[in-house]
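Beneath this line is the structure, given in structure tokens, with notes to follow.
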Amino acid sequence: MKNTSPPGARPLGFGLNGFTVSRALATDVPAIVNLLADDYLGVAREDGDLTVYERAFELLDPDPRHFLAVVKDSVGTVVGTMHLMLLPHLSRSGTTRLQIEAVRVGKPVRGMGVGAAMIEWAHAWGKENGAGMAQLTSDKTRADALRFYSRLGYTASHEGMKKQL
């Protein structure tokens with residue numbers, strides 16, 4: 001099978017042959033949006049108008065502190081995504097934080113270890129880029145996701161709050 005991943009794609013690793021991770025391209029945006037909308041929360045909050053996502057992509061893509069990742073299988077199909085951000089901080093002795101958001105794994109590859117490999121890859125990327133702490137949020141109703149992150153060593157040490165502006 002031909003691998004159609006973009007230049008710069010790296011093996012996802014962690015024992016998962018045939019999967020690569022790379023910086024998302026503008027052409028990946030529709031597939032990312034499909035992953036974001038493919039669950040009970042996403043279907044209600046994601047918009048069908050791709051132009052809003054394309055605008056957001058144009059803002060974040062050139063910023064070196066943002067890495068919108070896509071995971072592709074051996075034929076180049078997007079099967080996962082995550083948005084990584086480096087957040088410089090004064091607290092904790094100036095520790096840069098790796099913020100991990102919008103982690104999604106496509107239904108056909110769930111249960112294969114892709115999600116865990118993605119998070120481990122994100123941790124390595126964060127360390128390579130000076131992060132000393134990783135943090136993420138997950139909706140309280142996503143019980144499976146909360147168990148998943150707990151298995152990976154995350155603790156629910158803080159109460160997160162959000163407000164629409």
Side-chain angles (χ1 to χ4, degrees), residues 1-87 96-131 133-139 142 144-146 148-149 151-154:
M1 294 182 182
K2 184 179 177 190
N3 184 334
T4 58
S5 293
R10 296 185 277 174
L12 183 58
F14 307 97
L16 290 170
N17 297 325
F19 293 95
T20 59
V21 63
S22 61
R23 181 177 288 278
L25 301 174
T27 54
D28 294 321
V29 170
I32 293 168
V33 172
N34 284 338
L35 285 171
L36 294 174
D38 191 26
D39 72 9
Y40 67 97
L41 290 174
V43 72
R45 66 182 175 200
E46 299 304 334
D47 188 322
D49 178 10
L50 282 178
T51 59
V52 297
Y53 299 97
E54 291 163 346
R55 266 195 312 274
F57 180 82
E58 289 170 6
L59 291 172
L60 69 90
D61 185 52
D63 187 334
R65 292 172 300 198
H66 288 262
F67 188 96
L68 180 59
V70 288
V71 174
K72 294 185 178 181
D73 64 15
S74 62
V75 295
T77 302
V78 174
V79 297
T81 188
M82 60 186 166
H83 185 167
L84 310 178
M85 293 155 277
L86 296 169
L87 306 173
T96 296
R97 296 170 192 225
L98 168 64
Q99 181 76 26
I100 305 171
E101 291 292 333
V103 177
R104 299 293 191 281
V105 176
K107 288 177 184 170
V109 298
R110 286 186 195 151
M112 296 174 58
V114 173
M118 287 170 59
I119 297 299
E120 290 304 315
W121 190 95
H123 292 163
W125 182 86
K127 286 179 189 175
E128 287 171 18
N129 287 281
M133 172 187 282
Q135 61 188 31
L136 53 80
T137 62
S138 187
D139 191 284
R142 293 184 191 271
D144 291 341
L146 295 171
F148 168 75
Y149 292 122
R151 281 195 315 270
L152 296 179
Y154 283 83

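All values derive from a computational prediction rather than experimental measurement.
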Exercise. Would you find a donor on one side and an acceptor on the other, under 3.5 Å apart, between the side chain of R104 and the backbone of I32?
Worked result: no
For this session: Identify the two heavy atoms, one from A69 and one from V21, that lie closest to each other, and give their separation to 0.1 Å.
Result: CB-CG2, 3.9 Å
For this session: With sequence neighbours left out, write down each residue that passes salt bridge (charged side-chain N to carboxylate O under 4.0 Å, His left out) with D144, or none if nothing qualifies.
Result: R147
Problem set entry | Gap separating the NZ atom of K72 from the CG atom of D28, nearest 0.5 angstrom | 4.0 Å
Exercise. Can you check whether V79 reaches P108 side chain to side chain, under 4.5 Å on heavy atoms?
Worked result: no
Would you tabulate the side-chain donor-acceptor contacts of residues 54-62 under 3.5 Å, counting partners in other chains and residues two or more places apart, or write 'none'?
none

Exercise. Is there side-chain contact between F148 and R142, with heavy atoms separated by less than 4.5 Å?
Worked result: no
For this session: For the residue pair H83 and H66, categorise the inter-ring angle as parallel (less than 30°), tilted (30 to 60°) or perpendicular (more than 60°).
Result: tilted
Exercise. Quick one: does L152's side chain get under 4.5 Å of H123's, heavy atoms only?
Worked result: no
Exercise. What's the spacing between Q99 CD and L87 CG if we round to 0.5 Å?
Worked result: 5.5 Å
For this session: Measure the spacing between CG of L68 and CE of M85 and express it to the nearest 0.5 Å.
Result: 9.5 Å
Problem set entry | Listed partners of D38 passing salt bridge (charged side-chain N to carboxylate O under 4.0 Å, His left out), at least two apart | K107
Problem set entry | Gap between atom CD of E101 and atom CG of L136 - 0.5 Å precision | 7.0 Å
Problem set entry | From CG (N129) to CG (L86), nearest 0.5 Å | 5.5 Å
Problem set entry | Side chain T81, main chain V70, donor-acceptor under 3.5 Å | no
Seminar exercise, completed: side-chain contact (heavy atoms from CB on, under 4.5 Å) filter on M112, not counting sequence neighbours, yields F19, V109, V114
For this session: Specify the closest pair of heavy atoms between D49 and T51, including all atoms of both residues, with the distance to one decimal.
Result: OD1-OG1, 2.6 Å
Problem set entry | Contacts of type salt bridge (charged side-chain N to carboxylate O under 4.0 Å, His left out), residue K127, not counting sequence neighbours | none
Problem set entry | Residues in side-chain contact (heavy atoms from CB on, under 4.5 Å) contact with L84, at least two apart in sequence or another chain | F67, M82, L98, I100, W121, A122, W125
Problem set entry | Atom CZ of R110: over 12 foreign heavy atoms under 6.0 Å | yes
